[in-house]
Every structure is written in C-alpha cells, then in structure tokens.
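Below, chain A is the first sequence line, B the second, and so on; all start at residue 1. Excluded from the calculations below are hydrogen atoms, water molecules and symmetry mates; all remaining heavy atoms, backbone and side chain alike, are included.
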Amino acid sequence: MANQGLGAPPCYNLRIAPRRARTPRNPMDPQYQPKSLEPAVQKAWEDGKAFAAPDASDKPKYYDVGMLPYPSGKLHMGHVRNYSINDALAHYLRMKGFNVLQPMGWDAFGLPAENAAMANGVPPAKWTWDNIAYMKKQLRSLGFSIDWSREVATCSPDYYRWNQWLFLRMREKGIAYRRTGTVNWDPVDQTVLANEQVIDGKGWRTGATVEKREIPMWYLRISQYADELVDALDGLGWPEQVKQMQRNWIGRSHGVAFTLPYAPATAARMGDSGGPRPDGAGPVGLKVYTTRADTIMGITFAAVAAEHPLAAEAAKGNPALAAFIEECKKGGVMEADLATMEKKGMPTGLHVLHPFTKEPVEVWVGNYVLMGYGEGAVMAVPGHDERDFAFAKKYGLAIKPVIDVGGQPYSTDAWQPWYEQAGTCVNSGKYDGLDQQAAIDAVAADLAAMGLGAKRKQFRLRDWGISRQRYWGTPIPMILCPACGDVPVPDGELPVVLPEDLVPDGSGNPLAKSKAFLECRCPECGGAARRETDTMDTFVDSSWYFMRYTCPGAQAMVDARADYWMPMDQYIGGIEHAILHLLYARFWTKVMRDMGLVKFDEPFRNLLTQGMVLNHIFSRRTAKGGIEYFAPEEIEAKADAEGRVTGATLKADGSAVEYNGIGTMSKSKRNGVDPQDLIDRYGADTARLYVMFASPPTDTILWSDSSVEGSHRFLRRLWKLVHDHLAAGGPVAARAAGELARPLKDLRYKLHRTIDKVGDDYGRRLQFNTAIAAVMELLNALGEARDDTPAGRAVAQEVLESAVLLLSPIVPHIATALWAELRPGTRLVDQPWPAVDASALVQETVELVVQVNGKLRGHITVPAAASKEEIEKIALASEAAVKFMEGRPAKKVVVVPGRLVNIVV
RNA sequence: GCCCGGGUGGCGAAACUGGUAAACGCAGCGGGCUUAAAACCCGCAGCCGCGAGGCUUGUCGGUUCGAUCCCGACCCCGGGCACCA
C-alpha cells in the first residue's frame with residue numbers, strides 16, 4: 001500500500017484487489033501456512049514413495065519401531081510423543097546413510113473393544129476397524145515417515161493364525177500346557193474379571209465383592225527360559241533401570257528347599273509315619289523354601305497359604321479354620337492388594353519339627369503367604385523377616401533374634417530395617433560366629449546329610465497364563481472331545497477364525513453361547529466336540545508383530561526378510577511396558593529361535609522407554625456401586641495455595657466428583673488429550689516440535705498446553721529468517737572454510753559447535769529438547785550478527801541451510817519447503833547430515849571462571865594453549881582474586897583446564 | 001507392602017564425566033512499531049538487600065578445594081506388581 005496511486009488513477013486502484021506491490025518474488029508464500037503446506041509435502045512424499053524401505057541395500061540397515069498403538073478411538077499425546085521420537089531418529093539415520101525401516105500397526109484385540117460394545121451395541125470388530133481408520137488418518141496428518149505397506153492389525157486372521165500355529169508347536173514341545181489357575185470372579189455377573197475391572201475388591205459394574213476361583217487355563221513355560229532371560233540382559237543396550245526391573249521380576253534367588261518333618265500326632269493325622277518314605281521319594285512333612293537358611297535357628301512357627309493342602313486338611317473338623325480359609329478367598333488376585341492386606345492368620349493345630357532341635361513348631365495359615373511362590377509355605381523367622389515379625393507381634397508368637405548385625409542392640413518392641421541385613425549367627429548353636437554365606441552353606445550341608453533338603457535355585461517368575469475368558473482375542477486352537485480329550489486343531493484348518501459379528505453383554509464370553517463357533521467335529525474320532533472358547537492374552541499378539549512387519553505377505557510365520565531387518569535396532573515405547581510386554585516378547589523370540597524360525601536371540605537391541613504423559617483423573621461411584629470416570633475438560637477443579645487439587649465438580653450440573661490424583665493417559669480413565677486441536681490450529685510440525693521440546697523423552701510430563709504458542713512462534717521466526725535472507729539477494733553459495741573477520745568467525749564457531757551438539761543429541765543421547773534449544777540459540781546468534789556483505793550472506797546461507805537440516809527430523813514439512821527455497825532444484829530428502837568443519841572450532845583464547853574458596857568471583861581470558869602454571873599465574877593476578885583473597889596466601893590452587901581456577905585461602 | 005524412577009525460578013526445563021545453577025522456551029513486566037489491535041522488534045527478569053554482598057536444586061546430615069550430581073536417613077509424586085494395554 002506504500003505505492004498507492006503511483007502512476008495510476010486512484011479510481012482504478014480501488015477496484016484492483018491485490019493492492020500490494022507486484023514485485024517479482026519467490027513463488028513460495030511469504031507467510032508460514034502449515035495448513036496448505038503440510039498436505040502438499042505429504043503428497044510429494046507419498047507420490048515419490050520417499051519412505052518405502054527396500055529389503056536389501058548397500059547401506060547398513062536400521063530398524064526403528066514404536067510400540068504399536070491400541071486403537072482406542074483417537075491418538076493421544078503419548079502417541080504423538082512416542083512416534084515423534086521414532087520419526088526423528090528415522091530421519092536422522094536416513095541422513096546418516098542408513099536403510100531405515102519405520103513401520104506401524106495396531107494392537108487390535110483387547111478389553112476396551114468389548115466395553116465399547118457393551119456401551120453402544122456395536123460389535124468389537126466394527127468399533128476396532130473404525131478406530132484404526134480414524135487413527136491412521138491422524139498418523140498420516142502428522143507426517144511420520146512410515147512405510148505403510150507393512151501395516152499389521154493383530155485382529156486380522158492373517159496375523160493371528162500364526163499365534164495359533166506357534167501355540168500348537170509349543171504344545172507339542174511341552175512349552176504350552178494346561179493346569180488350573182486363580183481368577184477374579186464376579187458372583188453377580190457370573191463372569192471372570194480382569195484385574196482392572198476390580199476396584200477396591202469389588203466388581204466395577206456390579207459393585208459385588210469379588211471372589212477367587214480356580215479354573216483350568218493354558219500356560220506357557222516361560223520359567224524354562226528364566227536363566228537365559230536374566231543372563232542375556234547384560235548384553236542389551238537398554239536402560240539400566242529396565243534391566244534391573246526385569247532382573248528383579250524374574251527374581252533368581254539361591255536358597256535352600258527343605259522339609260520340616262511332621263510331629264508324630266500330625267504325621268498320624270496326615271496318614272504317614274513321619275519317617276523317610278520306603279520308596280525313597282524323600283521325607284514327609286511340610287516343604288518350605290528359604291533364601292535365609294542362616295536364620296534357621298530363629299524359627300518360631302511355620303506358615304502356609306490358605307490354598308495349601310495342609311490348610312485344607314487341618315480345616316476338616318475345624319469350622320473356625322474353614323471359615324477363615326473361606327474368608328481368604330474373598331477379594332481379587334492382585335498382588336498389590338494381597339501385599340497391603342492386614343496380616344491375618346489362624347493356627348492349624350498341626351505341628352512340624354525343627355529339623356535340628358526336633359522341637360515342635362506350630363503351623364499357621366497366613367494370608368500373607370503366597371501359594372504361587374516357592375512351596376506355598378514358609379519357615380517363619382520373625383526375628384529377621386518383616387512380615388513374620390508383624391504376624392508374630394499380632395498373634396503373640398515368639399520372636400528369637402539369631403543374627404548379630406555389627407553389635408546393634410536388638411529389641412522385639414518394633415521392627416528395624418537392619419534386622420533383615422546379613423550378619424553373624426548368634427543363639428544358633430554350632431552355627432554361632434559364622435557369616436551369612438558360611439552359615440547357609442553349613443545349614444544346607446547338614447540338611448542334605450539328614451536327607452531333608454538341598455540348595456535350590458528359585459525364580460519369582462511364574463509361567464505365563466494366556467487363557468482369557470473373553471471374546472475379542474485370538475481363539476486358542478483346541479478342541480475338547482468327550483472321547484479324546486484335548487485335541488489340537490490340525491494345521492490345515494488354521495486359522496480358527498473369530499466370528500466378527502458377536503456383541504458381548506457383560507455376562508461372560510459370547511463365544512461360549514455361539515453354536516456356530518462352538519460346535520465342531522473331533523479331528524481324531526470324528527465325533528461331536530466343542531471348541532475351546534478361551535482366547536489368548538493380547539500380550540501374545542504384541543510378542544512378535546515387529547517380526548511380521550519385516551515380511552508382509554509371508555506364507556510362513558516369518559521368512560528370510562526377518563533375518564535382514566531383525567534384531568530391531570531401536571525400540572521405543574512407554575516405561576509401563578518395562579516388564580511384561582518386553583519380557584514376553586523376549587521369551588517368544590527365544591522360543592521361535594529354538595524352533596529354528598529365526599536366527600537371533602534377542603529382539604530389541606536398543607530400547608528407549610519414554611516417560612508417560614500424565615493428566616488429572618476424576619471419577620465417582622455409580623448407584624450400583626461401580627465406578628465412572630470423567631474427562632478433565634468436563635470438570636471444574638478447586639486447588640489450594642500449593643496448587644494441589646482439593647475438590648472438583650462437574651461443569652454440566654455442578655455435582656461433586658472425586659479427584660484421583662494424576663496418572664497416565666488412558667481410554668478407561670478418560671483423561672487422554674486428543675492432539676487433533678493442536679494439529680488443526682498450528683499444524684503437525686508445531687505439535688511435533690512442542691512435544692519434543694517440552695522435556696527429555698524419558699521424563700514423565702504432566703499435560704499442559706500453555707506453551708504450544710512458543711513452538712509455533714519459533715517456526716514462524718525460522719520461516720521469516722529464511723525469507724528475509726532470500727529477499728535480500730536470493731540464495732547464494734554457502735560459506736566454505738576459510739579465514740573470516742571476528743563476528744562472522746564467531747558465528748561459524750557457534751554453527752559448527754551446534755552441528756556437533758545436535759548430532760550428539762540425536763545419535764547418542766536421544767535428547768531432543770536440548771538439540772532444539774541449541775538451534776534456537778544459533779538462530780538468535782544469526783539475528784544478532786546481521787551482515788549484508790557477501791561474506792556475511794554466505795555465512796548466513798550456511799547457518800540457515802544447516803539449521804533447516806538440523807531441525808528437519810523433528811519438523812520435516814517446513815524443513816522441506818524451506819530447503820527447496822534455499823537450494824532450488826534439490827530436495828531435502830536427498831541431503832546428508834551436515835558435516836562439522838573442524839577448522840571452525842579452533843579458538844585462540846578461552847574464558848575461565850575464577851573462584852575463591854569455591855565461590856565464583858570473576859572471569860579471566862587466557863590463551864587456549866596456556867599451561868596450568870600460566871593459568872594459575874594469570875588467575876592469582878586477576879582483580880577478582882586479589883580482592884577476595886584479602887591479602888591471604890593461597891593454600892592451594894585447583895586448575896581445571898577449559899573450566900575454572902579455584903583458589904583456596 | 002515390594003521393585004524401578006523422579007523432586008531445580010511463577011511454569012516446562014538446562015547443567016552430558018564432581019567444576020560458572022537456572023541455557024532454551026512459556027507466562028510476566030518495561031519500551032519500540034501501529035490511529036488502534038494483532039503480529040513483529042528491543043530490553044528486564046531466582047530470592048533477600050539501596051548497595052557491597054548474602055542465600056538458593058524436596059528435608060536433614062556426610063564426603064570434597066568444589067555437590068543438582070557421590071554416600072546415609074526421611075518426606076512427597078509417578079510407573080509396575082503377572083487378566084488394562
């Protein structure tokens with residue numbers, strides 16, 4: 001408008017729409033318009049198949065996978081965070097010359113689909129496939145460099161047939177087997193409940209008190225691989241934290257298993273003499289396992305789980321005990337609940353004998369003894385085991401200290417953490433004075449000599465129960481024949497296809513009511529038979545999907561292409577999967593290896609566990625006693641001065657709701673944040689930049705959308721810097737190495753330091769927030785060093801090209817557009833990662849900090865090559881040193897080259 | 001309860017191997033540009049103190065010339081605990 005009226009009658013000017021000067025300019029838009037720019041860039045990638053990964057290449061391969069999403073309906077911020085990290089690495093490694101594969105798929109079986117079906121009557125299959133379609137659109141709009149030709153949905157028969165096939169192979173090898181297991185039972189709905197569906201010991205829909213129930217289930221013998229699963233952790237490029245969690249989970253311990261012989265009356269009751277068996281099968285009595293055999297002289301009672309056979313025997317003719325055992329069946333099976341329960345018990349009236357003193361020891365039933373670990377029975381040493389101690393205090397049982405820890409005084413008044421530390425045996429007869437290991441060895445040897453026991457390696461890890469009494473999962477390919485028993489479905493009849501039109505109603509598995517599915521012929525005798533209606537745990541689905549990505553359409557479970565891509569180079573997903581999913585997938589891989597299907601031992605070479613994206617959780621009880629959740633945006637929350645939420649009401653009607661603290665974003669708790677608003681308002685690049693800049697990937701973040709604006713502002717600034725540079729004379733050749741005057745030399749120093757740092761952040765540290773900050777600093781420095789001379793413009797060109805390349809893994813759309821303008825005729829996707837110019841990093845002087853007694857007092861500038869002695873001299877002569885030494889002599893001078901000088905007076 | 005993490009300005013964070021605490025950004029304040037607003041640009045900014053200076057990384061204690069970082073105890077928050085995924 002500045003040239004309004006120039007050379008033309010004003011009346012015409014009013015009619016001409018674009019009143020801006022029509023100077024020849026770059027065809028690109030001077031405004032940053034992600035809405036139009038991003039789809040155009042995405043289309044160009046798609047048309048050029050820019051991210052299709054060939055199954056063979058001269059380049060080294062890099063297989064980069066994000067844990068596949070559950071198709072819950074919409075993406076949430078956790079997904080954006082996860083796949084933005086994956087994608088940044090994928091782009092970075094492509095630029096570093098790797099053949100990169102980044103695939104995507106769907107963990108499509110699971111409970112939420114059944115819940116949705118119950119809520120609105122839509123079959124789980126339709127709900128799931130609709131969600132997949134929507135979420136795929138969202139992922140595409142985020143512009144991730146995914147090779148979509150390899151997509152896997154675990155609910156498609158082409159995929160789950162191989163779950164069934166491998167299950168049958170495992171059964172043949174005895175890895176899959178059937179036995180009873182304990183489940184949560186809702187007595188009102190007459191159905192098995194998932195742990196998640198049990199809230200405070202009650203069914204989530206009915207509010208009824210949950211009970212434990214024993215039912216037959218299929219198990220996979222993961223315990224057979226326990227040693228290898230522990231030992232192989234050492235060689236993995238995983239966070240130490242995750243390896244430690246897996247080690248503790250597997251819980252390999254070295255202890256002693258032995259028998260506490262029955263006392264004579266008990267032996268008679270148990271129908272046995274109490275002596276060694278004539279058949280040599282070992283002595284009869286109560287079998288226990290302990291890692292603390294050194295405390296054996298401190299036994300004051302024994303305790304068994306409520307489910308232990310001895311408890312059942314003792315309950316005969318003891319109504320009080322029978323009632324207690326019955327009471328122990330109340331409540332769910334969750335370990336957290338069992339462990340926090342008040343310790344309760346009851347004497348059985350039965351006795352065993354201490355193996356060495358032969359004194360009678362009373363056997364109790366204790367609700368804190370787990371049937372699933374060891375022998376389901378323990379020798380109780382309240383003096384040195386916290387749980388035994390609490391139990392003994394409650395029931396007035398004797399507490400006998402038998403370990404001395406550094407002479408500290410023992411008191412039975414209250415438990416002290418050091419009571420369970422290793423020490424020296426006391427009050428232990430012949431073992432007195434022995435240290436822990438010597439005592440364990442001696443006790444084990446004596447028990448062995450008596451034929452009562454031996455050292456044993458024990459694991460905490462239990463076999464993997466895969467049976468689920470649910471519809472929306474992989475059918476277990478077994479047939480139950482009244483004549484032949486359990487009969488496997490023949491390979492030729494796989495897959496056993498899950499019908500997709502059933503709608504669960506909350507009263508058990510609809511497969512069990514579907515004649516079409518249920519009724520079949522026995523493959524062995526041809527008689528009428530029934531199909532197994534249990535389906536597989538969805539962790540089966542996620543135990544090998546990453547192998548199937550590598551060989552889409554394979555006629556076997558996997559083919560040779562899996563050997564090219566696997567093992568995976570980088571796996572990224574939430575820390576909540578640190579144990580179960582990652583352990584099961586490792587186990588599954590080893591089984592496949594032992595069957596000759598794959599050649600590697602471990603599936604995931606490197607692992608990044610991203611922190612959770614957390615949000616507030618609000619809920620309230622329903623009239624029936626169940627629970628319902630509310631999204632944070634439906635809530636008006638009140639907070640105290642420290643920002644803690646103290647109360648909350650529903651915006652709609654002002655009714656009170658309960659605040660449940662903060663927790664991970666999930667569909668079931670309704671506290672996920674849909675990133676779609678962000679994408680619609682600011683574009684994918686801003687959303688991606690924001691999640692990457694907010695914090696390091698391993699940190700948890702509490703959701704807040706307040707600083708998104710800043711990320712968008714930065715991209716606009718970048719856009720403007722490039723366009724201002726080009727407007728001042730078009731693209732020029734970037735600065736090559738060579739001598740420059742001071743401000744430009746400093747700018748190039750900053751540039752190449754930044755290239756070095758950003759590469760290190762992407763490639764080694766996997767920390768992106770600091771990489772982005774470094775580029776921000778670089779662009780700030782460019783803005784300050786405005787220089788329109790040819791040399792200045794050449795350095796500016798180099799800085800801008802580099803900044804675009806450095807940011808491109810995180811914001812690929814804007815980077816693609818800006819690159820096309822900075823280097824017309826070339827494409828960003830063809831560019832390598834920028835190289836560091838070592839000559840730009842040479843400096844003549846360095847600035848050091850001067851400290852007196854460890855406190856910062858001033859700065860000195862010294863030649864980069866100065867020796868420690870020279871630096872010390874300059875520092876002592878500096879103004880700051882003279883002032884703060886106050887004439888005192890230096891007792892000591894610490895020189896840290898490149899950092900500081902500390903003068904101690 | 002057990003196992004694994006975390007706690008730094010008003011907020012997100014940085015400090016990578018024990019060496020300048022608070023880079024980079026958000027929010028804020030002051031100024032410029034504008035008729036005005038938006039956008040943009042410049043500047044200020046941990047706390048106390050007029051200042052010199054002192055204090056500050058959940059709390060308390062220790063090691064060290066020097067501690068956000070190592071050690072001990074405690075408090076709080078998150079993840080997992082085997083049928084949520």
Under 4.0 Å between any heavy atoms, over every strand shown, what does F714(A) touch: base, sugar-phosphate, or nothing? Just pick one.
nothing
Find the runs of at least 3 consecutive base pairs, i with j, i+1 with j-1 and so on, that include RNA chain B, using Watson-Crick or G-U wobble geometry with both distances under 3.5 Å.
B:1-7 with B:75-81, B:10-12 with B:24-26, B:28-32 with B:40-44, B:46-48 with B:53-55, B:58-62 with B:70-74
Taking only N/O atoms, report every protein-nucleotides 26-28 of chain B pair under 3.5 Å with atom names and distance.
| unit_1 | atom_1 | unit_2 | atom_2 | d |
| --- | --- | --- | --- | --- |
| rC26(B) | OP1 | R713(A) | NH1 | 2.7 |
| rC26(B) | O2' | S706(A) | O | 3.4 |

Table of protein N/O atoms under 3.5 Å from nucleotides 43-53 of chain B N/O atoms:
| unit_1 | atom_1 | unit_2 | atom_2 | d |
| --- | --- | --- | --- | --- |
| rG53(B) | OP1 | K883(A) | NZ | 3.0 |

Is R586(A) positioned over the aromatic face of W238(A), cation under 6.0 angstrom from the ring centre and no more than 45 degrees off axis?
yes
Kindly confirm or rule out a cation-pi arrangement of R857(A) over F884(A), judged by NZ or CZ under 6.0 Å from the six-membered ring centre and within 45° of its axis?
yes
With sequence neighbours left out, write down each residue that passes side-chain hydrogen bond (donor to acceptor under 3.5 Å, both in side chains) with Y682(A), or none if nothing qualifies.
E709(A)
Set out, line by line, the N/O atom pairs under 3.5 Å between protein and nucleotides 71-75 of chain B.
none

How is R716(A) classified with respect to the nucleic acid when contacts are heavy atoms under 4.0 Å: base, sugar-phosphate, or nothing?
sugar-phosphate
Is any side-chain nitrogen or oxygen of R765(A) closer than 4.0 Å to OP1 or OP2 of rA15(B)?
yes
Contacts of Y571(A) that satisfy ring-ring contact (aromatic ring centres under 6.0 Å, His included) - sequence neighbours left out
H581(A), F604(A)
Closest non-hydrogen atom pair between L68(A) and S542(A), with its separation:
CD2-CB, 4.4 Å
Looking at residues at least two apart in the chain, or sitting in another chain, which of them share a side-chain hydrogen bond (donor to acceptor under 3.5 Å, both in side chains) with H76(A)?
none
Identify each atom pair where a protein N or O and an N or O of nucleotides 78-82 of chain B are less than 3.5 Å apart, giving names and distance.
| unit_1 | atom_1 | unit_2 | atom_2 | d |
| --- | --- | --- | --- | --- |
| rG78(B) | OP1 | I662(A) | O | 3.3 |
| rG79(B) | OP1 | T664(A) | N | 3.1 |
| rC81(B) | O2' | E335(A) | OE1 | 3.0 |
| rA82(B) | OP2 | E335(A) | N | 3.1 |
| rA82(B) | O5' | N195(A) | ND2 | 3.4 |
| rA82(B) | N6 | R460(A) | O | 2.9 |
| rA82(B) | N1 | R462(A) | N | 2.9 |

Distances for protein N or O near nucleotides 63-67 of chain B N or O, under 3.5 Å:
| unit_1 | atom_1 | unit_2 | atom_2 | d |
| --- | --- | --- | --- | --- |
| rC65(B) | O2' | N902(A) | ND2 | 3.4 |
| rC65(B) | O2 | N902(A) | ND2 | 2.6 |

Please figure out whether A194(A) or N248(A) has its closest RNA chain B nucleotide nearer the 5' end.
N248(A)
What side-chain hydrogen bond (donor to acceptor under 3.5 Å, both in side chains) pairs are there with at least one residue in residues 607-617 of chain A, not counting sequence neighbours?
N82(A)-Q610(A), H616(A)-Y659(A)
Return the polar atom pairs (N/O with N/O) between nucleotides 8-10 of chain B and the protein under 3.5 Å, or none.
none

What side-chain hydrogen bond (donor to acceptor under 3.5 Å, both in side chains) pairs are there with at least one residue in residues 465-476 of chain A, not counting sequence neighbours?
T128(A)-W472(A), N163(A)-T474(A), R468(A)-D537(A), Q469(A)-D534(A), T474(A)-D541(A)
